[in-house]
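To start, the structure under review is shown below, and the notes come after it.
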Amino acid sequence: MPWTSTNRIYAKPSNTSSGEAGPLVAIGAKAATTAAADTGGRFELSDHGYGKSSVKLLHVHRDGEYHVIREFEVSTELKLASESAYIIGDNKEVVATDSQKNTVYLLAKKHGIKTPEEFGAVVVNHFLYTYRQVVEAKCHIIEYPWERLQAGSPHNHAFVFAPTATRWCEVSQIRHEAVAVKSGLKGLRVLKTTQSAFVDFVQDEYTTLADAPERIFSTIVEAEWSYDNMKSADFDNAWLTVKDAILEKFAGPPDTGVYSPSVQHTLYQAEKTVLEKVSEINWIRMTMPNRHYLNIDVSKFPANVTKGDPHHYIYQPIDKPAGLIYAQLRRRPKSHL
Ligand SMILES: O=c1[nH]c(=O)c2[nH]c(=O)[nH]c2[nH]1
């Protein structure tokens, strides 16, 4: 799976007996020549990696009668210094994807799972410092949205699936570098029936859209962000703060709402709120597809059939196409003036 790794966050972990890798340069150099030799110099492997996808895992923490659950899909990926498995079919340095799956279960049993981000760091650290042939390890985790059942008061051990939004994270580490963590949410679908407009846009020979001073606003929000300092980050709190900031800037106060002049502006407001509220986040990127709900044009029908109860408004939901609107907001580097 094509992960992109970005900011390296905390200092590299302390060495373990098997972790340091002086000979890696030699192994890497040998590997680089393997493909070239096999193809007479015509081709080279420009990327490779392998792992186990979607290892499903339920973690139950039992503290007397009070139980806490978190359910995940964990994917692992390793990059080896050697290309030999690909080029000449030599598996002697290959940590089997089946072993990677087992490792996920065993690390969860050993360390528990406080947050997906911290568990991801445990997983990538383990692979890098157990196997000297691994040059890069990645872990992608999706969390299933279980919530404690409220039966008058919070239930000790029963939960309800509440898929408001899906939480995910990507943790990666290159040997001798710090862990990089990216967190995200997806599938946050929202709609409001007023306090949304889109007017004063370009009018030219390509334009048919009329100014809409009043319209439905609906979107399915995706957001991803990265942390400045993994050690001081409160990942659960950050995720909830991002979700709440998006909902607050989309919806506004319950009685009056908040006016949106465009999807672009609402998206920016949400990102700004996140950077103001969560100091550990150094950038956030959000995507808000504009899911259109069209007014039904009844003007061509006779008045006697279009006349109805003025409380009823009927719109046509449109799946495709959707507007695609995104932006990334980051902190400016501090000026040294
Ligand atoms: O909020 C919006 N932004 C746009 O850029 C756009 N374009 C469009 O057709 N409708 C909208 N709505």
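Just so it is clear, the model here is predicted, and its values are computed rather than measured. Both ligands and their constituent atoms are indexed starting at 1 by order of listing. All values below come from the heavy atoms of this structure, side chains included, with hydrogens, waters and symmetry mates left out.
Aromatic ring centroids of F119 and F72 lie 6.0 Å or more apart.
Hydrophobic clustering of Ile, Leu, Val, Met, Phe, Trp and Tyr side chains at less than 4.5 Å, counting indirect connections, keeps I296 apart from Y293.
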How far apart are the C-alpha atoms of R70 and E143, what are their side-chain angles, what is the distance that settles it, and do they pass the salt bridge (charged side-chain N to carboxylate O under 4.0 Å, His left out) test? CA-CA 7 Å; R70 295 188 86 156; E143 177 160 18; 2.8 Å; yes
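In R215, the part holding a heavy atom less than 4.0 Å from any atom of ligand 1 is the side chain.
Taking any N or O of V263, backbone or side chain, at least one lies under 3.5 Å from an N or O belonging to ligand 1.
Here the protein heavy atom with the shortest distance to atom 9 (O) of ligand 1 is L209 CD2, 3.4 Å. Regarding atom 7 (N) of ligand 1, its nearest protein heavy-atom neighbour is F198 CE2, 3.5 Å.
In the vicinity of Q264, heavy-atom distances shorter than 4.0 Å reach the ligand 1 atoms 1 (O), 2 (C), 3 (N), 4 (C), 5 (O). Shown in contact with S262 at under 4.0 Å from a heavy atom are these atoms of ligand 1, numbered in order with element: 1 (O).
Figure legend: cation-pi geometry between R215 and Y315 absent, as NZ or CZ is not positioned both under 6.0 Å from the six-membered ring centre and within 45° of its axis.
Using cut-offs of 30° and 60° for the angle between ring planes, the H265 and Y268 rings count as tilted.
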